[in-house]
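Every chain is numbered from 1 and lettered A, B, ... according to where its sequence line falls, protein lines coming before strand lines.
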Amino acid sequence: MSATRELMFDHGQPSYSEVNNDVINALTTTTWRYWVTLGISAGTALLFFVAPWIYQIIVGVGAAGMNRNAMWGTYLSNFIFWIGLSHSGTLLSAVLHITQSDWRKSIYRSAEAMTLFSLMTAAMFVMVHVGRVWFVHWTFPFPNPMELWPNFRSPLMFDVMAILTYLTASSVFIYMGSLPDFAAVRDRSTGLRRRIYAVMCFGWRGTAHEWHTLGWAYTFFAVLVIPLAVSVHSIVSWDFAMSTVPGLHHTIFAPYFVCGAIYSGTAGIVTVMWMLRKFMGFGRYIGQLHIDNLSKLLLVLSLIWTYINICENFSGWYSGTSFEYEAILYRIWEGPFWWLYWEMILFCAVVPLVLFSRRIRTNWNLMLVISILINIGMLTERFVIVASSLPRKFLPDVFGTYFPSLVEISITVGSFAIFTTLFLLFVKIFPAVSIYEVKETLNPLRRREAHT
Amino acid sequence: MSTIRDKLREYRTAGYYTEFEYHWTMAVDLDRCTGCEACVVACQAENNLPIVGEKRMRQGREMKWLRIERYWDGDYPDARLNFIPMLCQHCDEAPCEIACPVFATYHNQDGLNAQVYNRCIGTRTCAVYCPYEVRFFNWFTYTWDEPLEQQLNPDVTVREKGVMEKCTFCVQRINRAKDLARDEDRRVADGEAQPACAQACPTDAIVFGDRNDPDSAVSRKLEDPRAYKVLEELNTHPSVVYLKNAREPLAGHEDDDHHGEESDSHAASPVMWSEESSEAVA
């Protein structure tokens with residue numbers, strides 16, 4: 001235990017007051033660079049996401065490149081990508097909490113925020129995807145005078161339910177875990193900020209009873225969130241697997257998607273950690289131990305992911321169904337996106353093998369590159385699944401092709417800006433590193449020193 | 001043995017129509033089809049299908065509820081062209097119906113696969129799930145040039161952007177025939193309800209009628225040994241039946257034809273209709 005504690009902090013342990021200062025200063029002192037970055041990302045979001053979307057609502061979904069054969073396109077593949085990216089934050093935090101892994105404590109808050117914001121971005125894509133977004137509330141089972149209900153047999157219906165449940169549970173989880181930190185910010189600030197945080201922390205006083213209740217509720221939610229996270233991406237995969245389309249109709253899709261989701265989510269966490277170290281000055285709290293552990297997780301997930309890919313192609317070849325076999329062949333060799341398929345294999349299956357080396361695992365800059373490559377691979381994985389299966393289903397007479405239009409590409413770029421904007425807002429509202437839980441990991445000796 | 005299966009079916013289809021008042025069915029005799037596309041034009045005129053123009057056509061966004069698929073047999077010069085008119089198969093176990101989150105598509109009391117335009121939110125899942133690719137999405141709101149809007153059929157809705165549409169078996173004509181029959185207190189007579197394609201077909205290749213009536217023309221067609229269904233192995237139980245093109249095999253293609261005979265004998269066996277064939281699968 002103490003060995004872990006030593007490893008957690010690269011530059012020696014901070015004292016209690018140093019933790020408070022570091023985290024709360026990151027919240028209160030804002031440089032002009034922050035405002036410029038926020039302005040650029042919000043502007044990009046408006047220009048590349050909102051503007052083309054409004055255009056698409058006015059003229060119709062035909063503004064995108066989809067056609068009769070490929071009724072789904074990048075909107076749906078991006079939706080799956082963002083849902084996937086959301087998978088590691090809360091899940092990892094919850095798993096590490098109930099296994100009592102101390103090293104989670106300085107990274108979990110931003111990982112959970114990542115979950116929340118990528119879920120929101122994914123929800124945006126559902127609305128961009130549908131033809132009549134002004135009626136999208138019909139997917140909810142709300143009482144109405146026509147007594148119409150959603151179709152409970154539909155995997156899309158399961159999807160709406162699963163994502164909303166996950167979004168709610170993740171929000172509650174991150175907010176509840178932040179209560180003592182909001183109180184800490186309240187105690188350190190004055191004026192309007194103090195009043196806002198006083199409301200946000202629900203009047204937290206730090207009594208023994210409050211700590212006990214928080215700990216109990218937090219563990220309860222951690223246990224609840226784990227099956228939820230697994231179910232969400234399984235259900236997303238059923239959107240595909242419940243169809244009859246060759247190349248999508250696989251029983252392996254649920255574990256495939258869950259594994260891919262956690263994989264890309266973990267890579268996303270590594271990217272975000274690098275940013276926090278670089279731009280928010282959290283290098284003291286996020287160190288060698290964290291990157292090493294996350295990289296080991298990435299390595300394991302990449303191996304599982306590779307295995308499932310081999311399974312998928314093997315069963316396609318072994319099935320003897322000509323449709324399935326041709327779909328696989330079209331995907332990996334004959335279709336227009338064969339190079340994207342091999343790019344994804346290179347980035348997600350081959351490149352992560354270097355993580356067997358500890359020296360690479362603990363090199364932050366190299367890990368940034370690898371994590372971004374993995375997420376590029378995962379983004380194209382989703383695209384390849386959609387774009388190589390749908391244009392060729394069964395009847396050869398209507399075989400077609402699909403290529404995303406400018407509107408689709410622009411909205412894809414814009415979605416990253418939306419995510420960045422939300423995250424930039426988050427780091428100025430939430431303490432991005434959990435103050436009270438980092439303090440829990442400090443050595444008792446240092447605690448005494450800090451008080452003297 | 002069958003009770004568990006029945007219970008499962010009952011559970012699976014709770015609240016859904018499983019027995020139909022009329023069971024509208026179409027038989028397409030490929031031996032008679034000349035590929036003249038009169039049915040395609042008739043469908044376009046009857047159902048207010050938009051004319052999308054050359055650009056949209058090349059983008060693969062044409063609106064043709066009924067299309068003639070062309071398949072070549074053999075190599076030039078020993079080549080032969082085969083036609084298959086492809087339209088919504090009105091499957092009894094339709095993959096599209098489970099997909100829609102808002103029930104915009106469902107199976108109605110006549111065994112028709114109905115599409116409710118007003119309810120559709122345009123997730124396009126039904127089209128992705130459809131193995132026959134006979135569902136068409138309104139990528140834009142299409143308009144008709146000045147005098148042309150005069151020829152729109154008043155019995156059929158004009159669809160707006162963001163809505164899925166497909167062949168309805170000319171439900172407006174079926175409903176008119178049913179209304180008339182109800183007024184006269186009788187069932188719809190055979191041949192009284194005719195979709196536009198069947199009416200327009202010059203060689204009578206398309207026969208339409210009620211499968212529940214054993215004496216109807218379509219029921220007789222179903223007993224033809226040439227009858228088969230497209231993509232039957234997907235277990236969709238389509239309501240459109242094709243009668244195989246029974247011609248001399250091309251020289252050098254005996255293998256293909258042998259394969260064809262196999263599927264022929266399979267189709268000719270009595271395990272053609274839904275319940276029995278599911279039993280056979282079980």
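Closest approach of A:Asp397 to B:Ile68, counting heavy atoms only: OD2-O, 4.4 Å.
Summarising the local packing, OH of A:Tyr325 is surrounded by 12 or fewer heavy atoms from other residues, nucleotides or ligands at distances under 6.0 Å. The local environment of CG in A:Leu406 is sparse, with at most 12 non-hydrogen atoms from other residues, nucleotides or ligands closer than 6.0 Å. Shown here is A:Trp339, whose CH2 atom has no more than 12 heavy atoms of other residues, nucleotides or ligands within 6.0 Å. Within a 6.0 Å radius of CZ in A:Phe399, more than 12 heavy atoms belonging to other residues, nucleotides or ligands are found. Within 6.0 Å of CD in B:Glu54 there are 12 or fewer heavy atoms belonging to other residues, nucleotides or ligands. Applying the 6.0 Å contact sphere to OH of A:Tyr318 captures no more than 12 heavy atoms from other residues, nucleotides or ligands.
One finds the NE2 atom of A:His129 at 9.0 Å from the CD1 atom of B:Ile121 (value rounded to the nearest 0.5 Å). Once rounded to the nearest 0.5 Å, the distance linking CZ of B:Arg124 with CG of A:Leu156 reads 11.0 Å. Atoms CE and CD1, on A:Met157 and B:Ile98 in that order, are 14.5 Å from each other to the nearest 0.5 Å. A distance of 10.5 Å separates OH of B:Tyr129 from NZ of A:Lys393, quoted to the nearest 0.5 Å. Atom CZ of A:Arg68 sits about 9.0 Å away from atom CE of B:Met57, to the nearest 0.5 Å. From A:Met71, atom CE reaches atom CE of B:Met164 across 4.5 Å, with rounding to the nearest 0.5 Å.
When B:Cys120, B:Pro101, B:Gly60, B:Ala99 are compared by the number of non-hydrogen pairs under 4.5 Å with chain A, B:Pro101 comes out ahead. With chain A as partner, the option from B:Arg67, B:Arg135, B:Glu62 having the largest number of non-hydrogen pairs under 4.5 angstrom is B:Arg67. Contact tally against chain A (heavy-atom pairs below 4.5 Å) for B:Thr123, B:Asn138, B:Thr125, B:Val128: the top residue is B:Val128. Ranked by heavy-atom pairs shorter than 4.5 Å toward chain B, the options A:Val126, A:Val133, A:Asn69 are led by A:Asn69. Each of B:Pro131, B:Ala127, B:Cys96 has some count of heavy-atom pairs under 4.5 Å with chain A, and the biggest count is that of B:Pro131. The residue among B:Met63, B:Glu97, B:Arg56 with the most heavy atom pairs within less than 4.5 Å of chain A is B:Glu97. Of the listed residues A:Val160, A:Val136, A:Asp239, the one with more heavy-atom pairs under 4.5 angstrom with chain B than any other is A:Asp239. The candidate with the highest count of non-hydrogen atom pairs below 4.5 Å against chain B, out of A:Met66, A:Met242, A:His249, is A:Met66.
Inter-residue side-chain proximity for A:Asn67 and B:Gln59 is flagged as unmet; no heavy-atom pair is nearer than 4.5 Å. For the pair A:Phe394/B:Leu234, a side-chain contact is recorded, criterion being any heavy-atom separation below 4.5 Å from C-beta on. Counting heavy atoms from C-beta on, the side chains of B:Met86 and A:Leu395 come closer than 4.5 Å.
Both the backbone and the side chain of B:Phe103 have a heavy atom closer than 4.5 Å to some heavy atom of chain A. A:Trp134 touches chain B through its side chain: at least one heavy atom from C-beta onward sits under 4.5 Å away, while N, CA, C and O do not. For A:Leu148, the parts sitting under 4.5 Å from any heavy atom of chain B are the backbone and the side chain alike. Interface residue A:Val61: backbone and side-chain heavy atoms are both found under 4.5 Å from chain B. Contact of A:Pro396 with chain B is made through backbone and side chain together, with heavy-atom distances under 4.5 Å. For A:Phe158, no part sits under 4.5 Å from any heavy atom of chain B, backbone or side chain.
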